[in-house]
Amino acid sequence: VSAGRQLLYQDIDEPGLNTLGVYERRGGYEMLRKALKMDPQAVLEEMLASNVRGRGGAGFAMGKKMSFIPRGAMDKYLVCNADESEPGTFKDRELMQKNPHQLIEGIIIGAYAIGANKSFIFIRGEYAHQADVLDAAVAEARKAGFIGERILGSDHTLDLVVHRGAGAYICGEETALLDALEGKRGNPRLKPPFPAIQGLYKGPTLINNVETLMNVPIVLEMGGAKYAEIGTQTSTGTKVVSVSGNVQRPGNYEIELGVPSRELIFDLAGGPPEGRTVKAWFPGGSSAPVLTGSDEHLDLPYDFDTLAKAGSMLGSGAIIVVDDSVSIVDVALKTAKFYRHESCGKCTPCREGTNWTVKMLERVQSGEATPMDLDITASVCEQIIGNCLCVLGDAMAMPVGSMIKHFRAEFEAHIDAARERSGLGMAIPQVNRGRNAGPGPMRAPAGIDPTAAVA
Amino acid sequence: MAIDPSQVRRFAHGSRVPGWDEAVDLTKDPAVVPDPATTPVPEGIRREIEAAMALYPDVRSAALPALKVVQREHGWCSPTAIEQAACVMRLTPAYLTAVATFYDMFDTVPVGEHQVYVCTNISCSLRGADELYAAMLSAAGDDPRFNVRSFECLGACDIAPMASVDGEYLGPLTADDCRTIVDDVLEGRPVLEAKQLKRRPKAETYWKDAP
């Protein structure tokens with residue numbers, strides 16, 4: 001089963017594709033030769049015409065981002081974001097490992113279009129094997145004259161460095177990535193100025209995801225207008241989707257944007273194990289608000305705008321399926337704990353909000369919570385969104401908030417059951433002890449002896 | 001239902017929060033950039049860090065590569081290791097310590113030489129990662145040669161539940177595999193070759209041929 005055209009995955013397992021010889025035999029670096037004969041502006045026009053949107057999470061049109069980079073001679077940079085840490089996402093890992101030269105070609109063409117002379121691949125430290133593959137590929141490309149001074153006799157000069165991260169989710173955020181690349185703690189920066197104006201080493205910087213850059217040679221080969229015919233009107237091209245969680249055939253599948261989500265989850269990934277049903281699914285990594293297993297949600301076309309309209313997002317293109325055997329409380333807690341661990345601590349709403357959300361969800365799990373805690377959790381989530389330098393806090397608040405919204409009944413049932421188990425009886429409405437009452441034992445209504453209940 | 005103080009979990013220094021046991025010596029001057037004359041740096045380390053510094057327009061960018069080098073050589077980012085990196089890069093040890101404490105892959109306490117990261121994020125835990133982590137802990141958790149820890153998403157949910165053993169991605173793992181992994185690592189063999197991620201074809205092919 002295959003959902004539409006494949007541009008990146010068709011022959012990705014061809015033996016030796018990670019070496020220059022095989023890649024060139026398959027027509028590799030031809031598009032670089034073509035691009036170097038074109039005007040940089042013409043290359044940019046093709047990217048604009050293709051309307052290819054960023055594959056890393058935000059879905060911002062690549063051509064538009066490139067057009068923000070100032071013209072003229074100055075130190076400009078191109079950074080490939082290969083930090084891929086979004087839970088559920090593993091497409092860049094396979095792409096880089098199996099076809100590193102296409103990424104390098106995309107970077108060189110992209111750098112030519114914006115006039116950058118220095119480029120970096122920021123790869124997460126855990127991808128040790130993939131980083132070695134990239135290092136070897138860069139060395140091959142340098143030897144063949146694709147990287148270095150006056151590439152293939154043109155005026156374009158480019159250096160490419162593979163920079164390994166050291167394990168921090170936040171470094172996938174573009175400004176935090178720049179800080180990490182500058183050798184600092186990976187804290188996000190205040191925007192504006194956006195990296196296109198003032199990024200790495202205070203120079204204009206284009207930052208793009210691995211998959212986006214790998215599409216650049218394809219766009220040039222097909223022509224931007226032709227590429228735009230694939231997919232839907234506003235979500236053009238193909239997308240590699242990582243499907244994981246409770247499915248029978250987890251893995252990366254390339255689809256044409258706009259195929260029904262059901263086809264992805266059931267036909268390609270095999271759906272949940274025998275006898276189980278889809279309870280919830282993250283359409284775009286763990287930062288995306290969850291959707292339910294209802295027909296209404298499963299039939300949604302998988303593209304940027306439809307998912308946004310449905311109250312979620314395509315994000316990095318990672319579907320995590322949760323089946324009906326799993327407690328949604330556990331999923332919410334796991335999600336919140338991840339963001340608590342990865343919050344860099346720079347902005348208060350995120351640093352504190354993620355921590356308190358975890359604490360409240362732990363109360364829900366252990367049976368100390370009341371339904372009122374769900375409202376408080378939802379309100380904490382609301383207050384994180386939009387109040388930080390980056391979207392890490394939002395990325396916790398949105399899925400947790402959506403889980404409480406879609407599965408409130410299950411949360412409440414879980415609270416009741418856990419209270420029953422812990423001997424506290426059915427949910428007791430929490431008495432508001434006032435703002436300054438401080439932590440203390442919960443007051444039980446008259447007639448109930450709480451100490452007796454505990455013993 | 002008053003809180004029983006004996007039930008409150010505390011760290012050895014008596015506080016419920018970590019990190020307060022290392023009192024700052026206020027009488028001491030802050031550490032300055034180490035003097036090359038009095039800070040011996042092994043030649044190999046110096047050469048590698050200087051090579052990394054040469055790659056970037058700003059030498060500070062080599063902070064992560066430099067810390068990786070000294071961590072590899074010293075086993076962890078010890079004060080001596082950080083001092084050596086600071087000496088070569090002409091930075092204060094405090095700056096590099098701040099960087100090292102930010103990233104998960106830098107160890108600022110001594111750890112075992114073999115890194116075993118078990119992914120316990122959502123996708124993996126939906127497929128039994130928590131049980132796998134428990135099994136891994138009982139197989140190697142007490143062995144001082146191993147550094148077994150749970151890790152956030154390692155980006156290999158297609159082989160969930162999985163673990164990264166000295167950088168080698170392995171999965172899908174069962175509790176029985178943990179013993180094999182430990183034996184393979186200790187005897188210097190390639191770890192669990194049949195389950196190495198780098199040998200796996202793309203999903204469509206893999207599942208077509210799968211049993």
Side-chain angles (χ1 to χ4, degrees), chain A residues 2 9 12-13 75 84-90 92-94 97-98 118 124-129 161 163-169 180-186 201 242 244-246 249-253 268 270 282 286 318 320 322 326 330-331 334-335 338 341-342 344 441-442 450-451 454, chain B residues 1-3 55-68 71 89 91 95-96 98-106 117 119-127 130 151-160 164 166-169 172 196-198 200-207 210:
Chain A
S2 162
Y9 255 63
I12 200 159
D13 274 327
D75 283 333
E84 187 169 64
S85 317
E86 179 70 26
T89 318
F90 43 94
D92 297 343
R93 185 207 74 215
E94 194 165 15
Q97 178 190 325
K98 295 181 173 172
K118 189 99 188 157
R124 63 182 301 193
E126 293 89 338
Y127 285 173
H129 175 62
V161 175
H163 185 92
R164 292 160 162 87
Y169 169 71
L181 194 45
E182 289 180 7
K184 303 174 187 156
R185 291 163 70 91
Y201 310 123
S242 312
S244 67
N246 298 130
R249 296 192 292 269
N252 286 317
Y253 297 94
L268 290 172
F282 296 81
S286 73
I320 307 173
V322 179
V326 180
D330 294 345
V331 178
K334 205 89 188 173
T335 312
F338 166 70
H341 179 253
E342 297 294 348
C344 81
M442 198 159 50
T451 46
V454 171
Chain B
M1 208 164 96
I3 293 171
L55 292 175
Y56 304 92
D58 179 355
V59 292
R60 245 175 227 229
S61 287
L64 297 188
L67 286 167
K68 276 194 182 170
Q71 168 155 309
M89 292 189 69
L91 295 168
Y95 179 84
L96 285 180
V99 172
T101 49
F102 187 86
Y103 297 94
D104 279 349
M105 289 173 74
F106 292 129
Y117 300 156
C119 175
T120 51
N121 208 290
I122 303 170
S123 285
C124 279
S125 69
L126 287 170
R127 301 178 80 93
D130 295 313
F151 220 79
E152 300 300 354
C153 189
L154 287 160
C157 322
D158 43 350
I159 53 164
S164 160
D166 287 335
E168 191 71 66
Y169 276 32
Q196 287 182 358
L197 173 66
K198 62 184 178 200
R200 201 173 157 111
K202 66 175 176 179
E204 252 168 65
T205 323
Y206 179 84
W207 291 112

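- Between the B:N121 side chain and the A:F338 main chain, no donor and acceptor come within less than 3.5 Å of each other.
- Using a 4.5 Å cut-off between heavy atoms, A:S242 does not touch chain B at all.
- Between B:F106 and A:A166 the shortest heavy-atom distance is CE1-CB, 3.5 Å.
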Audit row: B:E204, A:Y9, side-chain contact (heavy atoms from CB on, under 4.5 Å) steps and yes/no: CA-CA 10 Å; B:E204 252 168 65; A:Y9 255 63; over 6 Å; no
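- Of all non-hydrogen atoms in B:W207 and A:P250, the two that sit nearest each other are NE1-O, 3.0 Å.
- Taking each heavy atom of A:N246 and B:L126 in turn, the nearest pair found is ND2-O, 3.3 Å.
- Comparing A:S286, A:G245, A:A128, A:G251 by heavy-atom pairs within less than 4.5 Å of chain B, the highest count is held by A:G245.
- Remark: side-chain polar atoms of A:R185 are paired, donor with acceptor, to backbone N or O of B:A98 under 3.5 angstrom.
- Remark: side-chain polar atoms of B:Y56 are not paired, donor with acceptor, to backbone N or O of A:E182 under 3.5 angstrom.
- For B:D166, no part lies under 4.5 angstrom from a heavy atom of chain A.
- Counting heavy-atom pairs closer than 4.5 Å to chain B, the top residue among A:H163, A:K118, A:K184 is A:H163.
- Looking at B:S125, only its side chain comes within 4.5 Å of chain A, counting heavy atoms on both sides.
- The closest donor-acceptor contact from the side chain of A:S244 to the backbone of B:D158 lies at 3.5 Å or more, if one exists at all.
- Comparing A:R164, A:E126, A:K98 by how many heavy-atom pairs each has under 4.5 Å with chain B, the most go to A:E126.
- For the pair B:C153/A:F90, no side-chain contact is recorded, criterion being any heavy-atom separation below 4.5 Å from C-beta on.
- Minimum interatomic distance between B:D104 and A:H341 (heavy atoms only, all atoms of both residues): OD2-CE1, 2.9 Å.
- For a residue to count as touching a neighbouring chain, one of its non-hydrogen atoms must lie under 4.5 Å from one of that chain's; by this rule B:A156 touches chain A with backbone and side chain alike.
- Of all the listed residues (B:A203, B:A63, B:G155), the one sharing the greatest number of non-hydrogen pairs under 4.5 Å with chain A is B:G155.
- For chain A, the nearby parts of B:P201 are the backbone and the side chain; heavy atoms of each come within less than 4.5 Å.
- When all heavy atoms of A:A180 and B:Y103 are compared, the pair lying nearest together is CB-OH, 3.3 Å.
- Inter-residue side-chain proximity for A:Y253 and B:K202 is flagged as unmet; no heavy-atom pair is nearer than 4.5 Å.
- Using a 4.5 Å cut-off between heavy atoms, B:L64 contacts chain A through its side chain alone, with no backbone atom that close.
- Of the listed residues (A:V326, A:D75, A:T89, A:L181), the greatest number of heavy-atom pairs within a distance under 4.5 Å of chain B belongs to A:L181.
- Chosen from A:R124, A:E342, A:E86, A:H129, the residue pairing most often with chain B at heavy-atom distances under 4.5 Å is A:R124.
- With a 4.5 angstrom heavy-atom cutoff, A:A318 does not touch chain B via any of its atoms.
- Among B:L96, B:V99, B:L91, B:T101, the residue making the largest number of heavy-atom pairs under 4.5 Å with chain A is B:V99.
- Considering only heavy-atom pairs separated by less than 4.5 Å from chain A, the leading option among B:L67, B:L197, B:I159, B:T205 is B:L197.
- For the set B:S123, B:C124, B:G167, the count of heavy-atom pairs under 4.5 angstrom toward chain A peaks at B:S123.
- Comparing A:G183, A:G270, A:A168 by how many heavy-atom pairs each has under 4.5 Å with chain B, the most go to A:G183.
- Judged purely by atom type and a 3.5 angstrom limit, B:K68 uses its side chain to pair as donor or acceptor with the backbone of A:G165.
- For B:Y95, the part sitting under 4.5 Å from any heavy atom of chain A is the side chain, from C-beta outward, and nothing else.
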